[in-house]
Amino acid sequence: MQQTYGWPFMTVHRAGLQKCLVQGAAESGVVQLHLGNFITEYDFDNTRFKVSGKGEKEPEWVQADVIIAADGVKSKAREAMLAREGIKDEVEDTGQAAYRIMVRRSAINEDPELLPFFTGTQSYRWIGEKRHIIAYPIDSGDLFNMSTTQPDRHFVQADTWTAVGSKSEMLKTFHDFCPRIQKLLNLVPEGEVLEWKLRVHKPLPNWVENKAALVGDACHPTLPHIAQGAAQAIEDAACLGVVLSKITSKDDINSALQVYQRIRKPRTDWAVMTAAENSKGLHTDDKDARNAAFASSDPGSNPDKMISREVHDKLFLYDVAKETEKAFDELFADVKAHPSAPPRAARM
Ligand SMILES: Cc1cc2nc3c(=O)[nH]c(=O)nc-3n(C[C@H](O)[C@H](O)[C@H](O)COP(=O)(O)OP(=O)(O)OC[C@H]3O[C@@H](n4cnc5c(N)ncnc54)[C@H](O)[C@@H]3O)c2cc1C
């Protein structure tokens, strides 16, 4: 990865990534965080939103120049945008669920069979019929992070972010996986099995309403099978950073946001589709066909899209800030001339 793309492939705890983003925002000197607030209503005509704060405080309207709604797969901003078009917002079940679990190095008692998982830099994928596990060390090798996918048996409530799953159900689900997996799963502390329902949304026709835009899972929630949900959300942010820095009048905010959508949508549509395709290949019932596909694949193209060279090239040879810089003037002029034209294919 370092040789081909210039950077190592790193795996990181999501809390660690979030801390870096918070630190970067704080160091910019222009970001103020207001934590513990819940947005209950949007007024896109006047670029404002209603916030209910902690405790007894009355809900209040907050006036903005631009609204960037990064409120996740259950986005209230998306619901409000679709409502203006008379469309009911519906998140789709994928029929898949995930356990998110971690094993601490202190728990393995330096077991030589498990130690390499903590001391290397590799990621691992174990594949079985209708199920897989992806795992990698994080936190400087103190933790081995494991994320599974299996058919959703509806024991996860759709309206919670995560639920505590049953360890015995998890063990049952992966009972036929290899002995090292059995050891690892048994070491997960009772009560630390998180279960997520994997949900997506039909591709949206539009991410922008007046001076408000959706980013991340709010507009392109995805299955996690090429590990691109957060990555694409961060690319969205980089693109927004460039387009908003290009304009000199608040009157151009909507046009800048339209440019953002035209640049980002083709790429995120591709990433969402590739992740969905990958689950078909990985989770097939036809073990022999799957194994034959792996055995006959050439180095450039792998049935597991997550390690396919073609997919890597598309993901890692792309510099979103540079591409936005390059495309901005032409797309901005086009948006100004034809504000409601369908998105032109930008380079992805
Ligand atoms: C099992 C699994 C594995 C994954 N693995 C990877 C991976 O390896 N790599 C990768 O890149 N991505 C991965 N992802 C995807 C990644 O987690 C998401 O794409 C990413 O978190 C999306 O970020 P976001 O900021 O758009 O939304 P979120 O992370 O969902 O954040 C939304 C935030 O908005 C807040 N919010 C919601 N509504 C309101 C409101 N009304 N008012 C105020 N706040 C509100 C929420 O509390 C939350 O903090 C994985 C996802 C799953 C489920």
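In listed order, ligands and their atoms are each counted from 1. Predicted, not measured: the structure shown is a model, and the values here were computed from it.
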Is it true that the side chains of [X] and [Y] contain a donor and an acceptor less than 3.5 Å apart?
X	Y	result
Asp45	Asn210	no
Asp217	His201	no
Asn291	Asp288	no
Gln150	Thr148	yes

Evaluate [X] for polar contact with ligand 1, using N/O atom pairs at a separation under 3.5 Å.
X	result
Ala227	yes
Pro224	no
Asp217	yes
Ile39	yes

Classify the contact between [X] and ligand 1 as side chain, backbone, both or neither, using a heavy-atom distance cut-off of under 4.0 Å.
X	value
Ala98	side chain
Ser147	side chain
Leu198	side chain
Phe38	both

task = Give a yes/no on ligand 1: does Asn37 have at least one heavy atom closer than 4.0 angstrom to it?
result = yes
request  = May I ask you to check whether His132 and His225 place their ring centres under 6.0 Å from each other?
outcome  = yes
inquiry  = On a heavy-atom basis, I'd like to know which of Val12, Asp71, Thr148 is closest to atom 37 (C) of ligand 1.
reply    = Asp71
inquiry  = For atom 5 (N) of ligand 1, tell me which residue out of Arg100, Gln228, Gln96, Lys74 has the closest non-hydrogen atom.
reply    = Arg100
task = Check whether NZ of the Lys or CZ of the Arg Arg267 lies under 6.0 Å from the centre of the six-membered ring of Tyr318 and within 45 degrees of that ring's axis.
result = yes
query = To which residues is Ile234 joined in a hydrophobic cluster, defined by side-chain heavy-atom contacts under 4.5 Å among Ile, Leu, Val, Met, Phe, Trp and Tyr, whether direct or through other members?
reply =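 Once heavy-atom contacts under 4.5 Å are chained together, Ile234 belongs with Val12, Leu17, Leu21.
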